[in-house]
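Heads up, the thing below is written out as structure tokens.
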2 protein chains.
Amino acid sequence: MVTIYDVAKKTGFSITTVSRALNNYPDVSEKTKKLILEVADKMGYFPNSIARSLTMKKTFTLGVIFVEDLGIGMKHPFFSVVIEGFKQRAEKFGFDLVFINRFIGEDRKSYIDHAYYRGVDGVIVVCSHYDDPEVKKLIESPLPSVVLDVHSDQTNVIYSNNIYGCELAIDHLYSLGHQKIAHIAATDGSFTGKERLKGFGLALDKYGLTIDDSYIVNGGLFSYESGYNAMNRLLKLDDVPTAVFASSDTMAIGAIKAIKDAGLSAPDDISVVGFDDIELAQHITPGLTTIRQNAELMGRKAADLLINQINDEDEDFSTILLPVELIIRDSTKDITN
Amino acid sequence: MVTIYDVAKKTGFSITTVSRALNNYPDVSEKTKKLILEVADKMGYFPNSIARSLTMKKTFTLGVIFVEDLGIGMKHPFFSVVIEGFKQRAEKFGFDLVFINRFIGEDRKSYIDHAYYRGVDGVIVVCSHYDDPEVKKLIESPLPSVVLDVHSDQTNVIYSNNIYGCELAIDHLYSLGHQKIAHIAATDGSFTGKERLKGFGLALDKYGLTIDDSYIVNGGLFSYESGYNAMNRLLKLDDVPTAVFASSDTMAIGAIKAIKDAGLSAPDDISVVGFDDIELAQHITPGLTTIRQNAELMGRKAADLLINQINDEDEDFSTILLPVELIIRDSTKDITN
DNA sequence: CTGAAAGCGCTTACAG
DNA sequence: CTGAAAGCGCTTACAG
């Protein structure tokens, strides 16, 4: 590898001047700068980020923390899209992404220890449990961070307007004549799951519909299986709902499977609405009516927020609420006639 | 942050001894080691990976290079699974993942420059074009690497047994009575696409079926749209095939959509077989018959190969051929009666 | 078994 | 406008 010393020797200038020229400092003569840049380029020189990081105490590296129970990591249909948006934006600003886990080598460490170990300039926390103590510690630490799908005043947070999304879902179902509407919730440690349960209740209130406790079944996690199992419980009810609003698309897809397995049809017997609008939603049969979150935007905004925080330490923390929209496909049906 | 100097001062030993104790060197007395470890732990000390990397010229970091035309990056239904497998395995060995792109800050650089800039110990190249000059340069460089879905003698490579996969697909279709079998290929810069086209030809030969040129349509890229468009071309033929073998699941799903849009049915009018067995394959209707690649295994093997190469420079390069299997679902139909 | 010193490749006061 | 020197936090010969 060619180092700054090599460039210095070749050009006859000191490493100080070479460094300054390379970093485009103003106090270098144009002529010198031009020469140094040319030689550096010809020699194929570029700085060693490690050495640079050690002196500058800045790595131009962003940590990605992926907390989720399902263990699917990057295969996550929603968050992989978020991360991609985040990545593209971060790279524009010269930041590379590093995955941060709970280990350093073989030793169990906290996320925050790992983040300091790697010297990342900031972290994005994805898919977190609102009550994970390690995430809490991270949020309270001085390390710049942005957290998705959690609320906190102590760092930057971003989430979709879950409450409004629920209202859109119920508006839609109500307009199709549905009044017996059930909810498949996912409140195990999930902020969004809790929000959507709340939004469901508020939306029913809006139409003066009473909420039957048996119509709210907690699937626990946002998974296909939990949606499937929750739906089966609803199907066993004496008075089966005509519509189901699931807290996520994966759950909705599991629910539709349960409906089919019971010999019924969605939407002919039961209408189903999901939440997220993952890639799959448009490809299954019936196409899934759902509340779309803008995953890409969420990632991009997260990058902007985090990088701002890194560049300006005094920056106040932001809370960003992202818009959602209703996507009508074939899993919901008008039952007014 | 607490540094090795702090631990040295606190324990009364030199940083040399502290370093040795921390790294579990044999030539430190048990008593000393124990004391140092205790104090270090109590102080919340752990080494700074940046400083460590600078002296050791090793970062315990693996670069991920994601080359693909579709621009979907981490959302890729097949490769996101591969990466997840790779990640989990790499982390077990203490390596963290960093994404390598073609920029350093705002400046366009090659992958290899970026990899050196970040000092990664090795790279995995995913989804590459076999003829991408930058990938070629990378393969030929001394940087340890493992490349997926490409063949080369100059580095470690891993790919599924595409040829055999094609044979399985055609065996299946032939056994269902199909003889008019078309192929939707994806040969634009893709090794796997080319392999599968070859495998298709070999399999037809096996049954003495002649290959009609009009039955081979090159979709170009592995995308939904290209599958859709390719199928439309097949549907315009005077003698429409009874079965289609697509070079990937996404293409197969696009093809099925084209069949539906033409007012026909898969599998009643045309049977369709894909390749990959992505998550979606089991959820669409009809469930997609396909050739499964073991994406997770591909990722894990890649990590093993790469880490071996890093730890033992004299290690010979390996070529690993991964098994595939036929997954029969509902998109193929017996037409013998 | 332990320590003083050099060095990894940069950047940045400080001085001129 | 330019350079000598210190320092970032480690590891590793080298010496004892």
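By convention in this document, chain letters (A, B, ...) are assigned in the order of the sequence lines, proteins followed by strands, and residues within each chain are numbered from 1. Scope of the values below: all heavy atoms of this structure, side chains included, with no hydrogens, waters or symmetry mates.
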According to ring-ring contact (aromatic ring centres under 6.0 Å, His included), does anything in residues 17-60 of chain B pair up with another residue at least two apart or in another chain? List the pairs.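 Qualifying pairs: B:Phe60-B:Phe95.
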
Residue A:Thr17, side-chain atoms from C-beta onward, closest of D:dG3, D:dC1, D:dT12: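 When the side chain of A:Thr17 is considered, D:dG3 is the closest of D:dG3, D:dC1, D:dT12.
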
Just checking B:Thr16: base, sugar-phosphate only, or nothing, at a heavy-atom cut-off of under 4.0 Å?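 B:Thr16: base contact, heavy atoms under 4.0 Å.
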
Distance check needed: [N] [atom2] versus [X] [atom1], whole Å only.
{"X": "B:Ile15", "N": "C:dA6", "atom1": "CD1", "atom2": "P", "result": "13 Å"}
{"X": "B:Met1", "N": "D:dG9", "atom1": "CE", "atom2": "C1'", "result": "13 Å"}
{"X": "B:Lys58", "N": "D:dT11", "atom1": "NZ", "atom2": "P", "result": "13 Å"}
{"X": "A:Tyr25", "N": "D:dG3", "atom1": "OH", "atom2": "P", "result": "16 Å"}
{"X": "B:Tyr5", "N": "D:dG7", "atom1": "OH", "atom2": "P", "result": "10 Å"}
{"X": "A:Tyr116", "N": "D:dC10", "atom1": "OH", "atom2": "P", "result": "15 Å"}
{"X": "B:Asn24", "N": "D:dT11", "atom1": "CG", "atom2": "C1'", "result": "15 Å"}
{"X": "B:Leu22", "N": "C:dT2", "atom1": "CG", "atom2": "C1'", "result": "16 Å"}

Within 6.0 angstrom of B:Lys10 NZ, more than 12 heavy atoms from elsewhere: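 It does not: B:Lys10 NZ has 12 such atoms or fewer within range.
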
Please determine whether the number of non-hydrogen atoms from other residues, nucleotides or ligands lying under 6.0 Å from atom NZ of B:Lys194 exceeds 12.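 Check passes, neighbour count above 12.
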
Determine whether A:Thr3 and A:Asn48 satisfy the following criterion, side-chain contact (heavy atoms from CB on, under 4.5 Å), listing intermediate values before the conclusion. CA-CA 8 Å; A:Thr3 73; A:Asn48 173 323; over 6 Å; no

Name the stems that DNA chain C belongs to, where each is three or more consecutive Watson-Crick or G-U pairs with both distances under 3.5 Å?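 Stems for DNA chain C, defined as runs of 3 or more consecutive pairs: C:1-3 with D:14-16, C:5-12 with D:5-12, C:14-16 with D:1-3.
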
Would you say [X] places a side-chain N or O within less than 4.0 Å of OP1 or OP2 belonging to [N]?
{"X": "B:Ser19", "N": "D:dC10", "value": "no"}
{"X": "B:Lys57", "N": "C:dG9", "value": "yes"}
{"X": "B:Thr55", "N": "C:dC8", "value": "no"}

For DNA chain D, the residues among residues 29-54 of chain A that have a non-hydrogen atom under 4.0 Å from it: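 Hits under 4.0 Å, by residue number: A:Ser29, A:Thr32, A:Leu54.
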
Where at least one partner belongs to residues 49-64 of chain A, residue pairs that pass salt bridge (Lys or Arg N to Asp or Glu O under 4.0 Å), sequence neighbours excluded: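 Qualifying pairs, neighbours excluded: A:Lys58-A:Asp121.
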
Hey, which of A:Thr32, A:Thr11, A:Leu22 is the one that makes side-chain contact (heavy atoms from CB on, under 4.5 Å) with A:Thr17?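 It is A:Thr32, the one option of A:Thr32, A:Thr11, A:Leu22 that forms the side-chain contact (heavy atoms from CB on, under 4.5 Å) with A:Thr17.
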
Considering the options A:Ile65, A:Ile100, A:Leu62, which one meets the side-chain contact (heavy atoms from CB on, under 4.5 Å) requirement together with A:Val120?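 Among the candidates, only A:Ile100 passes.
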
If only side-chain N and O atoms count, and only distance matters, is there a donor-acceptor pair under 3.5 Å linking A:Thr16 with A:Ser19?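 No, no side-chain donor-acceptor pair sits under 3.5 Å.
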
Within a strict 4.5 Å, meaning less than it, do heavy atoms of the B:Thr155 and B:Val157 side chains meet?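 B:Thr155 vs B:Val157: side chains touch.
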
Those residues that, when tested against A:Arg89, pass salt bridge (charged side-chain N to carboxylate O under 4.0 Å, His left out) (two or more places apart):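 Residues passing salt bridge (charged side-chain N to carboxylate O under 4.0 Å, His left out) with A:Arg89: A:Asp304.
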
Does NZ or CZ of B:Lys87 fall inside the cone over A:Phe99's six-membered ring, less than 6.0 Å from its centre and within 45° of the axis?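 Relative to the ring axis of A:Phe99, which defines the angle, B:Lys87 lies inside both limits.
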
Between the protein and nucleotides 14-16 of chain D, list every N/O to N/O distance that falls short of 3.5 Å.
none

Please compare B:Val2 and A:Phe13 by the position of their nearest nucleotide in DNA chain D and report the one closer to 5'.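 In this pair, the answer is A:Phe13.
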
Between B:Phe66 and B:Phe79, what is the ring plane arrangement, given parallel below 30°, perpendicular above 60°, and tilted in between?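 Perpendicular.
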
